[in-house]
Asker: 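Dropping the structure in here first, questions after.
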2 protein chains.
Amino acid sequence: MQENHYNIPVEATLEVIGGKWKVLILCHLKNKKMRFSELQRAIPQITKKMLTQQLRELEYDGIIIRYVYQQVPPKVEYSLSHTGESLREVLNIMCAWGEKRITNQI
Amino acid sequence: MQENHYNIPVEATLEVIGGKWKVLILCHLKNKKMRFSELQRAIPQITKKMLTQQLRELEYDGIIIRYVYQQVPPKVEYSLSHTGESLREVLNIMCAWGEKRITNQI
DNA sequence: CGGCATCCAGGAAGATACTG
DNA sequence: CAGTATCTTCCTGGATGCCG
């Protein structure tokens with residue numbers, strides 16, 4: 001959060017999940033913790049660079065946890081933080097709306 | 001909607017409201033119909049070009065209605081369509097989360 | 001008032017290669 | 001495996017001016 005003042009509160013939400021891939025990433029993480037390579041497979045269009053970048057920002061904003069297993073080869077798991085969990089409702093409703101739209105219920 | 005296939009349904013949601021300013025615009029329109037210049041004042045950072053562009057896309061996706069009063073000087077009002085109304089819950093929850101975040105409740 | 005047409009810079013994002 | 005680093009391209013979005 002660079003700014004402490006917003007015109008309307010929803011800007012605070014957008015600052016956190018407004019990134020191009022963030023909602024997508026979070027929708028995957030809301031079901032289970034995932035490794036970097038799992039996320040890459042789950043979101044084929046994203047490049048490593050973008051995935052890294054978006055994960056770093058989410059981590060910086062306190063939405064996800066990055067857990068590094070101290071082993072070789074490296075293993076890193078990402079999961080929702082407590083704050084991230086508080087987004088679950090937002091994510092669920094966004095997902096549900098997408099489903100309705102695809103199935104022409106709206 | 002250019003693509004009919006998504007990896008996961010939330011992509012359909014993002015395709016509609018993923019634009020940089022769309023959620024912000026819709027959050028304003030969910031309370032009342034607004035004129036172009038009202039929206040500009042409500043979102044000071046946005047340029048006319050971007051506002052026009054985002055409104056066009058929302059209209060094209062069937063989320064908002066653009067109503068032109070046939071008069072001089074021109075008057076144009078934007079409002080949520082029926083489909084747009086179905087997004088109200090999504091918008092409300094996003095707004096609510098932003099408020100909670102700003103007031104440090106999460 | 002509510003746009004559209006241009007022009008343009010800067011940052012986002014892709015491609016590729018390399019590494020602990 | 002999970003990233004960096006570098007380079008390049010692209011295109012979003014800003015600035016400005018004009019118009020019915």
Side-chain angles (χ1 to χ4, degrees), chain A residues 1-3 6-7 11 14-26 28-29 32-61 63-81, chain B residues 1-3 6-7 11 14-26 28-29 32-61 63-81:
Chain A
M1 282 189 278
Q2 302 151 0
E3 301 265 341
Y6 306 97
N7 291 310
E11 291 175 25
L14 294 173
E15 192 173 339
V16 172
I17 63 168
K20 185 172 181 183
W21 304 96
K22 290 183 183 174
V23 169
L24 218 47
I25 291 170
L26 294 173
H28 283 289
L29 290 182
K32 60 177 191 299
K33 53 177 60 172
M34 290 176 79
R35 299 181 62 168
F36 186 88
S37 50
E38 278 185 285
L39 282 167
Q40 255 197 289
R41 275 190 298 276
I43 311 173
Q45 313 94 313
I46 202 172
T47 60
K48 280 196 219 185
K49 191 177 98 177
M50 286 309 301
L51 182 55
T52 304
Q53 199 179 100
Q54 303 275 297
L55 287 170
R56 288 289 178 281
E57 290 178 16
L58 287 169
E59 185 190 6
Y60 178 83
D61 285 330
I63 307 300
I64 62 172
I65 306 284
R66 176 172 183 267
Y67 184 75
V68 183
Y69 291 83
Q70 292 301 339
Q71 63 178 51
V72 177
K75 175 175 174 180
V76 180
E77 274 186 345
Y78 294 91
S79 58
L80 293 187
S81 69
Chain B
M1 282 187 278
Q2 302 150 0
E3 301 266 342
Y6 306 98
N7 291 310
E11 291 175 23
L14 294 172
E15 193 172 339
V16 171
I17 62 169
K20 186 172 180 182
W21 304 96
K22 290 183 183 175
V23 168
L24 219 47
I25 292 170
L26 293 173
H28 283 289
L29 291 182
K32 61 177 191 298
K33 53 177 60 172
M34 292 176 77
R35 300 181 61 169
F36 187 88
S37 50
E38 278 185 285
L39 283 167
Q40 256 196 289
R41 276 190 299 276
I43 311 173
Q45 314 94 311
I46 201 172
T47 61
K48 277 200 227 183
K49 191 176 99 173
M50 286 310 300
L51 182 53
T52 303
Q53 198 178 101
Q54 303 275 296
L55 286 170
R56 288 289 176 282
E57 290 178 14
L58 287 169
E59 186 191 5
Y60 178 83
D61 285 330
I63 307 299
I64 63 172
I65 305 286
R66 177 172 182 265
Y67 184 75
V68 183
Y69 291 83
Q70 292 300 340
Q71 64 179 50
V72 178
K75 175 175 173 180
V76 180
E77 274 187 345
Y78 295 91
S79 58
L80 293 187
S81 69

Asker: From NZ of A:Lys48 over to C1' of C:dA15, roughly how many Å is that when rounded to an integer?
Answerer: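 Checked: the NZ to C1' distance equals 12 Å.
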
Asker: Round to a whole Å and report the spacing from CE of A:Met50 to C1' of C:dA13.
Answerer: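 Atom CE in A:Met50 sits about 6 Å away from atom C1' in C:dA13.
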
Asker: Under the rule for salt bridge (Lys or Arg N to Asp or Glu O under 4.0 Å), what residues qualify as partners of B:Glu57, not counting sequence neighbours?
Answerer: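 Listed in chain order: B:Lys22.
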
Asker: Rounding to a whole Å, what distance do you find between A:Leu51:CG and C:dA13:C1'?
Answerer: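 Those two atoms, CG and C1', are 14 Å apart.
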
Asker: Using a cut-off of less than 4.0 Å, is there contact between a side-chain N or O of A:Arg56 and OP1 or OP2 of D:dA2?
Answerer: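 No, no such contact exists.
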
Asker: Remember a base hit wins even if backbone is also touched, and classify A:Lys49 as base, sugar-phosphate or nothing at under 4.0 Å, heavy atoms.
Answerer: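 It contacts base atoms.
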
Asker: Without decimals, in angstroms, what is the distance between B:Gln45 CD and D:dG14 C1'?
Answerer: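 So the CD-C1' distance, B:Gln45 to D:dG14, works out to 14 Å.
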
Asker: What are the two closest non-hydrogen atoms of B:Gln54 and B:Gly19, and how far apart are they?
Answerer: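 Answer, listing the atom of B:Gln54 first, then B:Gly19: OE1-C, 3.7 Å.
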
Asker: Does B:Tyr69 reach a base, just sugar-phosphate, or nothing at all? Heavy atoms under 4.0 Å.
Answerer: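 Counting heavy atoms under 4.0 Å across all strands, no contact is made by B:Tyr69.
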
Asker: Looking at every strand, decide which applies to A:Lys75 at a 4.0 Å heavy-atom threshold: base, sugar-phosphate, or nothing.
Answerer: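 Sugar-phosphate only.
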
Asker: Taking the side chain of A:Pro73 as its heavy atoms from C-beta onward, which of D:dT4, C:dG3, D:dC1 lies nearest to it?
Answerer: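 Nearest to the side-chain atoms of A:Pro73, counting from C-beta on, is D:dC1.
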
Asker: To check you understand the geometry: which heavy-atom pair defines the closest contact between B:Pro74 and B:Arg35, and what is its length?
Answerer: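 B:Pro74 and B:Arg35 have their closest heavy atoms at O-NH2, 3.5 Å.
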
Asker: Is there a side-chain polar atom (N or O) of B:Tyr67 under 4.0 Å from OP1 or OP2 of C:dG2?
Answerer: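 For C:dG2, neither OP1 nor OP2 has a side-chain N or O of B:Tyr67 closer than 4.0 Å.
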
Asker: Are any of the side-chain heavy atoms of B:His28 and B:Met34 separated by less than 4.5 Å?
Answerer: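 They are in contact (side-chain heavy atoms under 4.5 Å apart), so the answer is yes.
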
Asker: What is the distance, to the nearest angstrom, from the CE atom on A:Met34 to the C1' atom on D:dA2?
Answerer: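 Interatomic distance, CE of A:Met34 to C1' of D:dA2: 15 Å.
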
Asker: Side-chain N or O of A:Ser37 versus OP1/OP2 of D:dA2: is the shortest distance under 4.0 Å?
Answerer: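 Yes, within the criterion.
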
Asker: Tell me the interatomic distance from A:Trp21, atom CH2, to C:dA13, atom P, rounded to whole angstroms.
Answerer: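 In whole Å, C:dA13 P and A:Trp21 CH2 are 8 Å from each other.
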
Asker: Is any side-chain nitrogen or oxygen of A:Arg35 closer than 4.0 Å to OP1 or OP2 of D:dA2?
Answerer: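 Affirmative; the distance criterion is met.
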
Asker: Output yes when at least one side-chain N/O atom of A:Arg66 is less than 4.0 Å from OP1 or OP2 of D:dA2, else no.
Answerer: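 No, because none of the side-chain N or O atoms of A:Arg66 sits under 4.0 Å from OP1 or OP2 of D:dA2.
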
Asker: Do any side-chain nitrogens or oxygens of B:Thr47 fall under 4.0 Å of OP1 or OP2 in D:dG14?
Answerer: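 So the side-chain polar atoms of B:Thr47 do come within 4.0 Å of the phosphate oxygens OP1 or OP2 of D:dG14, strictly under.
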
Asker: Rounded to the nearest Å, what distance is computed from the CD1 atom of residue B:Ile46 to the P atom of nucleotide D:dT12?
Answerer: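 Rounding to the nearest Å, CD1 of B:Ile46 and P of D:dT12 are 15 Å apart.
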
Asker: Figure out the CD/P separation between A:Gln54 and D:dG3, and round it to whole Å.
Answerer: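 Between P of D:dG3 and CD of A:Gln54: 14 Å.
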
Asker: Within the 4.5 Å heavy-atom criterion, are A:Tyr78 and A:Ile25 side-chain neighbours or not?
Answerer: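 The answer is no; the side chains never approach within 4.5 Å.
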
